[in-house]
Every structure is written in structure tokens, then in C-alpha cells.
Number of protein chains: 2
Amino acid sequence: MTVIFSKKCEYGMQAVLYLAAHQTEGVTRVDDIAATLKVPKEFVSKILQSLTASGIVASKKGKFGGFALAKDPSVIRLIDVVAAIDGLEMFDSCVLGFPNCTPDTPCPVHDTWGELRTLAYNMLTEETLDKFKQKTINKIKTI
Amino acid sequence: MTVIFSKKCEYGMQAVLYLAAHQTEGVTRVDDIAATLKVPKEFVSKILQSLTASGIVASKKGKFGGFALAKDPSVIRLIDVVAAIDGLEMFDSCVLGFPNCTPDTPCPVHDTWGELRTLAYNMLTEETLDKFKQKTINKIKTI
DNA sequence: TAAATTTCAGATAAAACAATCCGATTAAAA
DNA sequence: TTTTAATCGGATTGTTTTATCTGAAATTTA
Ligand code: SF4
Ligand code: SF4
């Protein structure tokens, strides 16, 4: 079962957090990212390629090449990664899967779900990657 | 993209809400449920079969057969449907997909995500199906 | 220039999820 | 008893997601 975001999106967020945590060390090879995050190498490679196209990460080809953030971590938010990979559709849909989302015919859990979506959106929007650096480093150690 | 729950689970919740709203009328045919909810008939049929096995709905075979709730709607909660179909794993997982969920090495969004999961869990747990009756009827009209 | 190492790009494979089909069974009514 | 209308159960198909493979292009060092 999916927990809100696709695997692609989860790996994307993890990889970007990783890059933010290792930002000072220049580019990072996909092999290192995949090995420490324990995610499929070829898959995360593809994801980073697409995030390169989105302008979130930058790539350097050839020997001693790898990936790095394209911008300063203080201007990248997790929601940017979500928007680039899964899109923001989920913040506009119903948990129960009902169509025709209108305030005048709310589905049974309308109110609470509305709060939830806002909370989730804020969670991914309010902090930038640099704020996550230490927690990411701690987390990665335990994977 | 999935919004938390699988299609199977969404349809399951919708169907159960439908049955609660039509509870007074005895059993309901799958054809009716599928037609008004505009969901694939054979699929929702399979889902209702599995919910029968879970003891949430009851089935009556043969002519004038159909499905109905197995218990009074005042003792069925949406979380019961979720537990029967998707399981409760999501209330124990990370949005970012990190493993090793331990309080001492929290992933970057640990605190907010914890609140979110609790809120989602409560949303599906605190109210029973009978509370949703009127809203469900209104919602169904607009599908 | 040649060798080594890495990303890039496209094709393909495997797995999970969603949907459909069909024959069997059951039960009510004619 | 026969017909009719429904669920049941298993198999099958289709679609999307996830993962892998392979060869080309780029870049650094020798
Ligand atoms: S009724 Fe509420 S929860 Fe349902 S689709 Fe509309 S906004 Fe979403
Ligand atoms: S660190 Fe927090 S959000 Fe991440 S898996 Fe653990 S509880 Fe979930």
C-alpha cells in the first residue's frame, strides 16, 4: 500500500535530503546514495535524472561525476520534489475517492480531511532542506 | 497517484457507506451500488465478497439477493473497512519512506507526520457509519 | 590519445494493482 | 419443477508502477 506518495517520490525526497546533507562534499555518485539509502540504484538514478530536468538537482557526467543540488538548500522544499514527481493532485482529492468535490455536497469526512491536507501541505512547504540536515544525517546512520 | 488508500479500499468504504444509507431497504444489488457510485461492477462485487468474509457485510444469494451490512451501522467504523482491505500498516509508516521508525532517530518530518497519522486515524475511528448517513445521501446525489 | 568511470537514454522485465469474464451455486417465483 | 436473478469463486486480462539492463556520451586522469 502507498502511504500518500509513490515510491518514486519517496526515493526522490530521500535522495534530495541526502544531497542536502552531503552538500559540502561536491557531487555524490548514485552508487553512494543508493547504497546508504538502501534503494535500487538504477531506479534512484532515473529519479535524479528527472529531478535534474526539473531543475532541483544538477548532474555532472564522466569520471568523478555525480549529482548535487542545483540550488541552495535554503530555497528547496520537500513540496518542490513532490510537485516535480507525483504532482500536487493529492492535495485536491478525497480520501474516500468520491468525485465532485464541492463544499455544498461534502463527503462524510470532508472537514477533517481538509484539515489533514492542509497540515500535510504545510509540513512539506514550511521548512527548507537546510533545516532537515542534522535529522537527515542521524536518520541515515540507522538505515 | 494513490491518496492514502487503494482503489479497492476507497470503493469498499463507498460501498459500505452506501449500504448504511440504504440500510432500511433490505439487501441491495451490486448493480445498483455500482451504477450509482459509478464504479466497476465486478470489482465492487469482489470487494463486497471479501468484506463478507470479514464479517462487515452480509450477502444473500439468489433472486432478490444482494448485500447488506452485517451489523448495525452504529458499531461499524470506516477504520474497520480499511483494516479489512488495506490493513493498518500506513498508520505505522513514514511519509518519506524511511525504514527503522524509532523515536530516537526521527526522520525530518517525524513530529508533524505523527500528528497527521493520529488525526487520520481518529477521523476514521471516532464516528460510526450511522453518523454519516445524511452526508452520504447528499453526496451520492451529486455523483 | 587511451583508459577509466560516471551519467544519460531508451528498451525491457517483473511485480503490483485494477478490472473483467465466466461457470457454478443459491434462492425465490412462476 | 423450471425459470429467473442474484452472489460466489476462480481464472484471466489489462494497466500502472517499480525495477533492471544495456549501450552511448561525457569527463577526468594517465
Ligand atoms: S467532500 Fe471533502 S473530502 Fe470529499 S472530495 Fe470533497 S473536499 Fe475532498
Ligand atoms: S521517523 Fe517519524 S515519520 Fe519517519 S518513519 Fe519514524 S515515526 Fe514515521
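Note: hydrogens, waters and symmetry copies are ignored here, and every other heavy atom, side chains too, is used.
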Discussion item. Just the rounded figure in Å: distance from P of C/dA18 to CD1 of B/Ile85.
Written reply: 11 Å
Fill in: Separation between CG of B/Asn138 and OG1 of A/Thr105, rounded to the nearest 0.5 Å
7.5 Å
Fill in: Length of the line joining A/Gln49:CD and D/dA24:P, which is rounded to integer Å
17 Å
Practice prompt. Please state how far atom CG in B/Asp32 lies from atom C1' in D/dA5, giving the value in whole angstrom units.
Written response: 13 Å
Worksheet entry | Electrostatic pair B/Lys133-B/Asp130, nearest N-O below 4.0 angstrom | no
Worksheet item: Hey, can you pull the residues of residues 16-30 of chain B with a non-hydrogen atom under 4.0 angstrom from DNA chain D?
Response: B/Arg29, B/Val30
Fill in: Nucleotide D/dT18, atom P - distance to CD of A/Glu10 in whole Å
9 Å
Worksheet item: To the nearest Å, how far apart are A/Phe5 CZ and D/dT18 P?
Response: 13 Å
Practice prompt. Report whether B/Met13 and B/Ile137 are members of the same hydrophobic cluster (ILVMFWY, side-chain heavy atoms less than 4.5 Å apart, transitive linking).
Written response: no
Worksheet item: What is the distance, rounded to the nearest whole Å, between atom CG of A/Leu37 and atom C1' of D/dT18?
Response: 17 Å
What donor-acceptor contacts under 3.5 angstrom involve side-chain atoms of residues 51-59 of chain B, with partners at least two apart or in another chain?
residue : atom : partner : partner atom : Å
B/Thr52 : OG1  : B/Leu48 : O            : 2.7
B/Ser54 : OG   : B/Ser50 : O            : 3.0

Discussion item. Rounded to the nearest 0.5 Å, what separates atom CG in A/Leu17 from atom CD1 in A/Ile76?
Written reply: 10.0 Å
Response to the item:
Readout for nucleotides 19-30 of chain C: B = base within 4.0 Å of protein heavy atom, S = sugar-phosphate only, - = neither; 5' to 3' it is BBB----BBS--
Worksheet entry | Whole-Å gap separating C1' (C/dT5) and CZ (A/Phe67) | 14 Å
Worksheet entry | Neighbour count above 12 (heavy atom, 6.0 Å) for A/Lys135 NZ | yes
Worksheet entry | Test item: side-chain donor near acceptor, A/Ser6 and A/Asp86, under 3.5 Å | yes
Practice prompt. Classify the angle between the aromatic ring planes of A/Phe43 and A/Tyr11 as parallel (below 30°), tilted (30 to 60°) or perpendicular (above 60°).
Written response: perpendicular
